[in-house]
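Here the structure is laid out as structure tokens; the discussion comes afterwards.
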Amino acid sequence: MVSETTLRPRQLILPMFVAEGLDAPRPIASMPGVVQHTRDTLRKAAVEAVNAGVGGIMLFGVPEKRDAQGSGAVDENGILNVALRDLRSELGDSTVLMADTCLDEFTDHGHCGVLDADGVVDNDATLRLYAEMGVAQAEAGAHVLGPSGMMDGQVGVIRRALDEVGHSETAILAYSIKYASAFYGPFREAVDSQLKGDRKTYQQDLGNAREAMRELELDLAEGADMVMVKPALSYLDIIKAAADISPVPVAAYNISGEYAMVEAAAANGWIERERTVLEVLTSIRRAGADLILTYWAADAATWLD
Ligand code: PBG
């Protein structure tokens, strides 16, 4: 009667991976239960998730070939864009289809942007590619774009590019607050990341909270329709602070390393899987997240039903 926090399937978004050139889904060892899908198995798994009641799907593409510019990201025949087209034609408007708008899966150096002559990520050159990538994804049928590369100005350039070509209805879920976290480890396996080194020149310093609010305000001023905090569990205070001031919905990304920890402990019989997962998700909601991106979205939706 007095429970303060709801956890509903529609508040959960399922991140999914689709890889080019696979004959069968490929398991991701560090994320038990999560796979790189073929185009075919992606369609089926997406339909199942939507039938289970999830609020949306966030799609990541894993290309066969990579280059310095990440050109597979803007190519309409690139794996992410063809899979978006597949899902939009299969699912129509029955779910919210979201696309990861970032170059890291497509670059041969694994960075979220293109590099300058010194090997440092070139913010403004990257923005031009994000604008092109965003338009390609909107044309392929994405309802929502998720710029996740932490380039300054990314929301504004993508918004303007979409509006110029008539995609004013496509929304932007801005990865506004994204820390340079060790918990992304398993994701790097999930997308066959080529990254050596780290993303500390563009992701945030773990200890900084004020900076997070500044990032949030910049993205709001540039036209973000929703904002995100990432990771979730080590940053519940940041989720709370964002939720307190944000005039738009706040999402939190319960990321790969957070998933892997629970799955590993549960597989050893050290914790109860279902109870732990629901506790994790409830805590993120209690902190103030309206939406949660989680690899447990489909499972949790089934349990909550
Ligand atoms: C960047 C991106 C990353 C994740 C989502 N988008 C990787 C990174 O920033 O290193 C991580 C998600 C997860 O760990 O579950 N395209």
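All ligand and atom numbering here is 1-based and tracks the order in the structure.
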> Looking at Tyr295, Phe17, Phe106, which hits ring-ring contact (aromatic ring centres under 6.0 Å, His included) with Phe60?
Replying inline: Phe17
> What atoms of ligand 1 come within less than 4.0 Å of a heavy atom belonging to Ser148?
Replying inline: 1 (C), 2 (C), 6 (N), 16 (N)
> Do other residues, nucleotides or ligands put more than 12 heavy atoms under 6.0 Å from the CD atom of Glu211?
Replying inline: yes
> Quick one: which ligand 1 atoms are inside 4.0 Å of a heavy atom on Phe60?
Replying inline: 5 (C), 6 (N)
>> Under 4.0 Å, heavy-atom basis, I'd like to know which part of Tyr259 is in contact with ligand 1: side chain, backbone, both or neither.
In response: neither
> Taking atom CZ of Phe183 as the centre, does the number of heavy atoms from other residues, nucleotides or ligands within less than 6.0 Å exceed 12?
Replying inline: no
>> Under 6.0 Å from the ring centre and within 45 degrees of the ring axis: does the NZ or CZ of Lys178 meet both conditions for the six-membered ring of Tyr235?
In response: no
>> Does Glu139 form a side-chain hydrogen bond (donor to acceptor under 3.5 Å, both in side chains) with His167? I'd like the steps, not just the answer.
In response: CA-CA 8 Å; Glu139 312 257 293; His167 286 295; 2.7 Å; yes
> Which protein non-hydrogen atom lies closest to atom 12 (C) of ligand 1, naming both residue and atom, and how far is it?
Replying inline: Phe187 CD1, 3.3 Å
>> A quick test of your reading: do over 12 heavy atoms of other residues, nucleotides or ligands sit less than 6.0 Å from CG of Asn77?
In response: yes
> Which residue owns the protein heavy atom closest to atom 8 (C) of ligand 1, what's the atom, and how far is it?
Replying inline: Arg199 NE, 3.4 Å
> Where does Ser256 meet ligand 1, judged by heavy-atom distances below 4.0 Å: at the side chain, the backbone, both, or neither?
Replying inline: both
> Nearest non-hydrogen atom to atom 1 (C) of ligand 1 belongs to which of Lys178, Met150, Arg188?
Replying inline: Lys178
> Does the distance from a Lys or Arg side-chain N to an Asp or Glu carboxylate O, for Lys240 and Asp237, drop under 4.0 Å?
Replying inline: no
> Between Trp296 and Tyr259, what is the ring plane arrangement, given parallel below 30°, perpendicular above 60°, and tilted in between?
Replying inline: tilted
>> Under a 4.0 angstrom heavy-atom cut-off, which atoms of ligand 1 come close to Asp104?
In response: 1 (C), 16 (N)
> Atoms of ligand 1 less than 4.0 Å from Ile255 heavy atoms?
Replying inline: 13 (C), 14 (O), 15 (O)
> Nearest non-hydrogen atom to atom 6 (N) of ligand 1 belongs to which of Gln203, Glu258, Lys230?
Replying inline: Lys230
> Between Leu195 and ligand 1, which residue portion shows a heavy-atom distance shorter than 4.0 Å: side chain, backbone, both, or neither?
Replying inline: neither
> For ligand 1, is Tyr253 a contact, meaning one of its heavy atoms is under 4.0 Å away?
Replying inline: yes
>> Using a 4.0 Å cut-off to any heavy atom of Glu105, which atoms of ligand 1 qualify?
In response: 16 (N)
> Do Arg188 and Asp104 sit within salt-bridge range, that is, some charged N less than 4.0 Å from a carboxylate O?
Replying inline: no
>> I need the atoms of ligand 1 closer than 4.0 Å to a non-hydrogen atom of Tyr295, numbered in the order shown.
In response: 12 (C), 13 (C), 15 (O)
